[in-house]
Amino acid sequence: MFSSRWRFGLDRYSEVDLFTDRYEADVETLSQAIRAAASEEPDADGSVLFGHLKGTVVGLRYYTGVVNQGEMVGLVRQPENPYDRNAVMVANIYGNQVGHIKRELAAAMAHVMDNNLAKVEGVVHSGTKNTFTMPVMLSFWGKEENKNAVIEGMARRGYKLNTGGSSATVVIPFFFQLKNAFDNLFDGLMESKDGEKEAAKSVGTPLLPHQKQALSWMCARENKSVLPPFWEKRGELYYNSLTCFSAKEIPERIRGGILADDMGLGKTLTTIALILTNFHNGKPLPVETFVSVAVCECVQTICVESSVTESADDLSARTTLIICPLSVISNWLHQLEQHVRANVKLNVYLYYGSERNRSKAFLSSQDVVITTYNVLSADSGNKSPLHGINWLRVVLDEGHVVRNPNAQMSKAVLGLKAQRRWILSGTPIQNSVKDLWMLLAFLRLKPFDVREWWNRVIQRPVTQGDRAGLQNLQTLVKCITLRRTKSSKVNGRPLVSLPEKAVCVEQVELSQTEREEYELARNEGKNTIRKYVAEGTVLRNYADVLAILMRLRQHCCHPDLLAKTSSDLGKTSTPAELRERLIDKLRLVLASGSDEECSVCLESVHLPVITHCAHVYCRPCIAQVINTEQETARCPLCRSEIKANELVERHLIRLLQQCDSDGKWPSMLPLRCEDSSIKYLVVSQFTRFLSILEAPLREHGFSFVRLDGTMSQKKRTQVIQEFQSSAADSPAIMLLSLKAGGVGLNLTAASHVFLMDPAWNPATEEQCIDRCHRLGQTRKVVVTKFIVKDSVEENMVKIQRQKQDLVEKAFGSSNTERKTSRIDDIKALMEL
DNA sequence: ACCGCCGGGTGCC
DNA sequence: ACCGCCGGGTGCC
């Protein structure tokens with residue numbers, strides 16, 4: 001199953017006998033990869049070349065548009081043309097008309113174009129000096145299924161497409177190289193951008209070296225007149241080497257670009273510094289200060305670039321408009337407050353809410369106006385003040401959020417008038433090359449702000465694996481982007497250094513009762529496993545073995561965690577009552593955390609089902625157990641008989657948010673809040689354990705929030721914001737489910753981490769710790785791992801690194817050697 | 001000659 | 001356009 005485009009590509013190869021069948025195995029992966037990279041927009045990058053045709057452009061002498069040798073031209077239907085409703089206009093890249101396609105050919109093309117059977121593109125190879133007509137090479141592109149219709153339709157009108165060309169050739173061996181290059185498109189964009197610039201005095205926070213570099217680069221991008229990528233001066237003309245277009249006037253330079261630094265490197269601070277440092281003519285923004293002495297300092301000219309040429313600018317433009325997602329508005333306000341000197345009066349207006357001041361005069365008198373994409377989008381159309389102002393600068397924060405060109409938001413963004421344009425984004429490409437178009441269009445990077453040219457010159461070549469296309473894309477991105485990652489280095493030193501991290505292991509003693517209960521369970525388990533070992537049935541009962549381990553781990557956390565067996569549900573229940581209770585139980589389990597671990601696969605429960613003995617598993621996992629053991633199938637956790645038709649599924653249940661919060665204060669949480677500003681992450685992989693912790697935390701008057709996998713994205717954002725706040729009444733503790741949230745989760749407000757129970761996979765723990773031990777962390781990070789002494793937890797830690805291996809062996813190949821070592825692992829774990 | 005041929009006028013769609 | 005086409009002038013060789 002591969003895409004028609006690729007089938008087409010392969011047919012080509014067999015035709016020209018370049019490749020043999022051995023490449024066919026790669027086709028699936030290749031097509032998938034390309035599809036993923038292109039997200040298939042059928043009219044652009046999903047198209048194949050039908051063929052070429054030499055045509056004629058006529059009427060040159062009536063129009064001013066000129067073309068160069070090799071220049072691409074656009075073909076536009078003119079159904080309203082009074083002389084011929086089939087008219088096809090020929091225009092150069094700036095949209096200046098060059099001529100028309102000759103009538104008879106236009107009639108044939110009109111049929112193809114109007115029925116959307118193909119897109120027709122033109123390149124002029126010769127005759128550019130002609131007075132009256134010139135030849136044009138037309139190529140027809142479209143969906144594979146329309147190929148024959150187009151070829152036949154043209155042939156019927158006397159035009160035979162030459163289908164022997166090779167422009168659509170996809171050179172497979174280069175593909176992976178290209179794919180790799182594309183993945184690294186935004187890497188290493190620091191070359192020759194290593195000047196540093198001091199921020200204006202009004203910036204109160206000293207910039208780090210890499211931030212000074214960024215400031216220097218941003219000022220240069222705003223002030224220096226550098227030709228945009230692919231433009232060069234040839235005599236009196238400016239020439240674009242990609243499209244072969246030339247113009248007398250200097251192409252409009254891109255004043256701005258993409259700051260694509262990793263999260264946490266200070267894009268916001270750098271942008272604030274830019275606003276204050278680079279006003280007109282490279283001078284700082286003139287701001288009022290409360291202390292007269294400081295006025296002199298602030299207005300003082302710092303480091304005026306000699307190449308500043310702003311004569312054509314509207315010097316009355318003052319305001320920088322910042323557009324961001326709602327969730328980061330507070331961050332901007334906070335950082336402006338934090339980084340702008342206290343004695344500096346910067347006029348900042350938050351253009352948000354129904355009472356917002358829509359006066360253009362008022363808005364353009366501000367230094368900074370902040371608004372959201374939604375407000376901008378809602379405003380656009382009906383006399384939007386934001387669209388009526390010629391801004392000094394527009395900044396798109398988290399710029400990658402606008403990437404669907406058809407969205408209202410995108411149109412609103414593209415309609416803004418500004419002298420300088422910036423995009424801030426940690427991840428400028430979300431999915432594919434396509435995402436870049438919006439960014440280039442916003443920056444008005446001609447000619448790529450027109451989709452056709454972008455598609456023809458960059459997107460299609462790149463998605464079809466063309467080397468030159470990718471190289472052009474790289475050049476393009478390189479010219480307008482600055483990106484550093486956390487691992488980038490300045491003068492051989494890392495950009496930022498993280499504060500120290502200390503990890504200590506706290507051994508926890510079980511109370512006497514707990515120890516007795518634990519030993520009981522352990523001996524039971526030991527005996528069971530011993531029996532399996534003796535019978536040689538360890539592997540057949542592997543799920544059971546893992547369940548035993550799980551129960552022991554739960555013992556180490558809290559007795560209430562231990563799943564109740566069916567006897568607790570009441571043996572006298574009627575089947576209907578039992579079912580009712582089971583549904584209730586499953587609802588509780590799901591409500592308290594869908595990332596509950598399945599005892600069979602050890603992963604978060606996926607497609608949860610509950611057994612009649614009230615244990616929750618992934619449906620596929622438990623189905624496999626039942627399938628293997630057939631009528632003798634027993635619950636891996638409690639050995640009750642289980643039947644496939646007795647499993648109760650989630651979709652029968654109306655999920656209710658409910659927290660199981662009874663429980664007793666676990667003695668293992670030694671919170672000492674000496675410094676009241678220190679915040680804590682309390683992490684467990686058992687969300688029910690987090691629930692158990694809630695009551696005692698409440699009792700002891702701790703303010704806390706909770707983040708687990710069951711929460712909606714909106715709720716998560718809200719909780720994170722609350723926790724990250726430095727306000728005095730903000731929560732000091734976050735109860736965090738180990739697997740909740742993505743890698744991007746930023747919990748730097750916390751500096752202490754309590755890992756309440758060891759995870760099978762040490763990488764999971766590391767990831768969790770990194771949520772607070774990351775850029776933005778100012779304190780030393782202290783991590784405490786609680787391990788119950790003389791328990792399975794200790795052994796778990798010992799074999800943590802082998803866990804992945806263990807699971808693989810459990811469900812992997814049937815290799816005898818592996819089986820033996822697997823059994824050894826289990827024996828070690830149980831101290832057998 | 002209801003043709004052919006010549007040469008001037010003319011010219012996108 | 002150093003073309004093609006059109007239409008008026010013209011007409012044996």
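The chains referred to below are lettered A, B, ... by the order of the sequence lines, with proteins before strands, and numbering in each begins at 1. On a predicted model such as this, the values are computed, not experimentally measured, just so you know.
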Could I get the full list of salt bridge (charged side-chain N to carboxylate O under 4.0 Å, His left out) partners for Arg456(A), not counting sequence neighbours?
Glu121(A), Glu452(A)
More than 12 heavy atoms of other residues, nucleotides or ligands under 6.0 Å from NZ of Lys411(A): yes or no?
yes
Whole angstrom is fine here: how far is it from CG in Leu75(A) over to P in dC12(B)?
19 Å
Rounded to whole angstroms, how far apart are CG on Asn130(A) and P on dA1(C)?
8 Å
When rounded to whole Å, the CE to C1' distance for the pair Met109(A) and dC12(B) reads 14 Å
Across all strands, who's sitting opposite dG11(C) as a Watson-Crick or G-U wobble pair, both distances under 3.5 Å?
dC3(B)
Apply salt bridge (charged side-chain N to carboxylate O under 4.0 Å, His left out) to Arg356(A) and list each qualifying residue two or more places apart in sequence or on a separate chain.
Asp379(A)
Between residues 86-103 of chain A and DNA chain B, which residues have a heavy-atom gap below 4.0 Å?
Ala87(A), His100(A), Ile101(A), Lys102(A), Arg103(A)
For Leu227(A), which residues count as a side chain to side chain contact (heavy atoms under 4.5 Å, CB included) partner, sequence neighbours excluded?
Trp231(A), Tyr238(A), Ile250(A), Pro251(A)
In whole Å, measure the gap between the C1' atoms of dG11(C) and dG4(B) for me.
9 Å
Ring centroids of Phe132(A) and dG11(B) base under 5.5 Å with planes under 30°:
no
Do Asp84(A) side-chain and dC13(B) base share a donor-acceptor contact under 3.5 Å?
no
The complete set of salt bridge (Lys or Arg N to Asp or Glu O under 4.0 Å) pairs with one or both residues in residues 65-81 of chain A, sequence neighbours excluded, reads Arg77(A)-Asp114(A)
Measuring to OP1 and OP2 of dC12(B), would you say a side-chain N or O of Tyr62(A) lies under 4.0 angstrom away?
yes
Residue list, side chain to side chain donor-acceptor pair (under 3.5 Å) with Arg421(A), at least two apart or on another chain:
none
For the side chain to side chain contact (heavy atoms under 4.5 Å, CB included) test, which of Ile423(A), Leu321(A), Leu376(A) pairs with Leu396(A)?
Ile423(A)
Roughly how far apart, to the nearest Å, are dA1(B) and dC5(B) at atom C1'?
12 Å
Figure out the OH/P separation between Tyr63(A) and dG11(B), and round it to whole Å.
14 Å
Using atom C1' in both nucleotides, what's the gap between dC12(C) and dC3(B) to the nearest angstrom?
15 Å
